[in-house]
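Throughout, protein chains are lettered first and strands after them, A, B, ... in sequence-line order, and every chain is numbered starting at 1. Nothing here was measured: the structure is a model prediction, and the numbers come from that model.
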There are 2 protein chains.
Amino acid sequence: MADRKRPKPGETREKLMNAALTLVGKGRHFASLGIREVTRQAGVVPTSFYRHFRNMDDLGLQLVDELGLVLRRMMREARANVSQADKLIDESVGIFITHAQNNRAFFMFMAQGLAGESRAVQEGIRSEMRYFASELANDLRRMKLAEHLSDADLDLTCDLVVRSVAFSLTDILGISPEDTYQEEQVRKRTARFLQLIFVGAANWNSHP
Amino acid sequence: MADRKRPKPGETREKLMNAALTLVGKGRHFASLGIREVTRQAGVVPTSFYRHFRNMDDLGLQLVDELGLVLRRMMREARANVSQADKLIDESVGIFITHAQNNRAFFMFMAQGLAGESRAVQEGIRSEMRYFASELANDLRRMKLAEHLSDADLDLTCDLVVRSVAFSLTDILGISPEDTYQEEQVRKRTARFLQLIFVGAANWNSHP
DNA sequence: TACTGATGTGTACAAGTGTTCACTAATGTG
DNA sequence: CACATTAGTGAACACTTGTACACATCAGTA
């Protein structure tokens, strides 16, 4: 009689992960979250936590995996919406910022994790960024937009692009989601960062 | 008789700040530190904390101020050691990485704070970065290395440079201080990032 | 149908938390 | 010298924390 309903398998697991994300979205840092706090937010008894995660680090790792899915979805959308090469940067940045606003908590978690206290989470996020950069390099190759660059230099360029965009995260997440003016500023500035990088890449000599 | 010695004024304050830094240097995240934990590490009774700080956020803010001093000292050294323009990037990156290694805890705190939970700390670090970027812009102007760029575009470039270097922080701090090979890799890669940016700036048209 | 494993719940406990209070010794100022 | 201020102490408070244990309920399988 203590059992209210019979939840679908994995439901509580999701509830817990969402609870952690919610707290992060409210401004809390993931490293400062406790098991009890998360279970409370999830509306679940503390003991349930251990049915799904060994500790908070474990939960963090599983969040990184989900973050990967979000990023891939975003990348797919970006690829589908690429119209012409000259609008490529602006549109991609736009898609990124939109996703960042729509998945605020996820991206906050990502920004936090880069300097977080779990080495594993750190490495996971880093790995997602590498994957992102390599996909970007593939796209640029396919679109024949970087034919004069060696593989290593193209890789370098894409890495820098991804880092710059990632850093813009801290700009976006720092402003309120309703402040469309500031959002526009960040959007423009990020786009100009990328233009600057691409001008650099275009004039780069891979065999000096 | 309970008073062991009569400590110099501000001594305990320093002990507390160093204790927090020490814990951060050991891999802990600042947001997860507690007052008792810090005072314990400092070898001080918990109540003493309140003589100097209102809460942990307050301590964080004061750490940001000290961080500013570290950064300024670093900048001064960089300016003194600038030999020729063509070695400028490599030498500056070298100085930065050396400082990052020598003040590991400080820079970890900085990396954490960028996505930390205290808005004030976040803004403080951001402000330090802006200052850094503007000083860099001044230097480049003075050395007549960016005469074709508008003020706004030079500002953009320097901002991107500072962001890229700051991001490299997470690379450096992620590797062990003894791993000179990996450190050399980060050093080289960071330098190439900056070269790429400067090539972009050199070919940038401020009045298109 | 009976058994088994996964997932949920409630209770309990020792340890750790932030903060308050009253007290004391040293320091600097009139 | 007397006195207010500052910076330290220890004891106590009401909570919160992570984790362990025993138990209940479901789903699937033999």
Side-chain angles (χ1 to χ4, degrees), chain A residues 1-24 26-63 65-66 112 116-118 120-121, chain B residues 1-24 26-63 65-66 116-121:
Chain A
M1 59 174 154
D3 254 354
R4 333 184 142 278
K5 307 272 175 81
R6 43 241 135 306
K8 278 180 279 186
E11 190 181 340
T12 306
R13 184 197 203 87
E14 259 191 53
K15 271 204 277 188
L16 287 169
M17 294 173 77
N18 284 336
L21 275 184
T22 302
L23 290 169
V24 167
K26 281 183 189 167
R28 300 289 314 280
H29 196 291
F30 183 80
S32 76
L33 299 182
I35 289 179
R36 281 190 114 102
E37 197 178 3
V38 171
T39 56
R40 199 183 311 130
Q41 166 78 30
V44 164
V45 93
T47 350
S48 285
F49 184 90
Y50 297 98
R51 300 290 183 196
H52 304 278
F53 313 100
R54 311 208 354 255
N55 46 45
M56 283 300 286
D57 274 8
D58 190 20
L59 193 155
L61 272 179
Q62 311 218 25
L63 275 181
D65 290 345
E66 274 210 26
Q112 291 180 357
E117 63 182 358
S118 160
V121 167
Chain B
M1 59 173 149
D3 255 354
R4 332 186 143 276
K5 308 268 177 82
R6 44 238 140 306
K8 278 180 278 187
E11 189 181 341
T12 306
R13 185 198 203 85
E14 260 192 52
K15 272 203 276 188
L16 287 169
M17 294 173 78
N18 284 334
L21 275 184
T22 302
L23 290 169
V24 167
K26 281 185 189 169
R28 299 289 314 278
H29 196 292
F30 184 80
S32 75
L33 298 182
I35 289 179
R36 283 189 114 103
E37 197 179 3
V38 172
T39 55
R40 199 182 313 129
Q41 166 78 31
V44 164
V45 94
T47 348
S48 285
F49 184 91
Y50 297 97
R51 299 288 183 199
H52 305 278
F53 313 100
R54 309 203 2 249
N55 47 43
M56 283 300 288
D57 274 8
D58 189 20
L59 193 156
L61 271 180
Q62 312 219 25
L63 276 180
D65 290 344
E66 275 210 24
E117 61 181 0
S118 160
R119 185 59 57 100
V121 168

Novice: Apply side-chain hydrogen bond (donor to acceptor under 3.5 Å, both in side chains) to B:Gln62 and list each qualifying residue two or more places apart in sequence or on a separate chain.
Specialist: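 B:Gln62 satisfies side-chain hydrogen bond (donor to acceptor under 3.5 Å, both in side chains) with B:Arg13 only.
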Novice: Working to the nearest 0.5 Å, report the span between CG of B:Leu21 and CD of B:Gln41.
Specialist: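 So the CG of B:Leu21 and the CD of B:Gln41 are separated by 10.5 Å.
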Novice: Rounded to whole Å, how long is the line connecting atom CD of B:Glu11 with atom P of D:dT6?
Specialist: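 After rounding, the gap between these two atoms is 19 Å.
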Novice: Got a second to check how far B:Leu63's CG is from B:Asn18's CG, nearest 0.5 Å?
Specialist: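 Output value for this atom pair is 8.5 Å.
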Novice: Can you tell me the distance, in whole Å, between the CZ atom of B:Phe53 and the P atom of D:dT6?
Specialist: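 So the two atoms are 17 Å apart, to the nearest Å.
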Novice: Can you name the side-chain contact (heavy atoms from CB on, under 4.5 Å) partners of B:Thr47, sequence neighbours left out?
Specialist: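 For B:Thr47, the residues satisfying side-chain contact (heavy atoms from CB on, under 4.5 Å) (neighbours in sequence not counted) are B:Val45.
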Novice: Tell me, please, which residues at least two apart from A:Glu66 pass side-chain contact (heavy atoms from CB on, under 4.5 Å).
Specialist: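 Counting only residues at least two positions away or on another chain, A:Glu66 forms a side-chain contact (heavy atoms from CB on, under 4.5 Å) with A:Met17, A:Phe106.
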Novice: Any heavy-atom pair between the side chains of A:Leu16 and A:Thr12 that's under 4.5 Å?
Specialist: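 They are in side-chain contact.
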Novice: With a 4.5 Å limit on heavy-atom distance, are the side chains of A:Glu117 and A:Phe30 in contact?
Specialist: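 A:Glu117 does not reach A:Phe30 side chain to side chain.
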Novice: What integer distance in Å separates A:Phe49:CZ from D:dA20:P?
Specialist: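 About 13 Å, once rounded to whole Å.
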Novice: Enumerate the residues from residues 14-24 of chain B whose closest heavy atom to DNA chain C is under 4.0 Å, giving them by residue number; use none for an empty result.
Specialist: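 Residues of residues 14-24 of chain B under 4.0 Å from DNA chain C: none.
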Novice: Taking only nitrogen or oxygen atoms into account, show me every contact under 3.5 Å that the protein makes with nucleotides 17-19 of chain D, one pair per line with its distance.
Specialist:
residue	atom	partner	partner atom	Å
D:dT17	OP2	A:Arg40	NH2	2.3
D:dG18	OP1	A:Ile35	N	2.8
D:dG18	OP2	A:Ile35	N	3.2
D:dG18	OP2	A:Arg36	N	2.8
D:dG18	N7	A:Arg36	NH1	2.4
D:dG18	O6	A:Arg36	NH1	2.7
D:dT19	OP2	A:Tyr50	OH	2.8
D:dT19	O5'	A:Tyr50	OH	3.4
D:dT19	O4	A:Arg36	NH1	3.4

Novice: Side-chain atoms of residues 32-39 of chain A: list all donor-acceptor pairs with protein atoms under 3.5 Å, sequence neighbours left out, distances to 0.1 Å.
Specialist:
residue	atom	partner	partner atom	Å
A:Ser32	OG	A:Arg28	NH2	2.8
A:Ser32	OG	A:His29	O	2.8
A:Glu37	OE1	A:Gly34	N	3.3
A:Glu37	OE2	A:Arg28	NH1	2.3
A:Thr39	OG1	A:Ile35	O	3.2
A:Thr39	OG1	A:Arg36	O	2.8

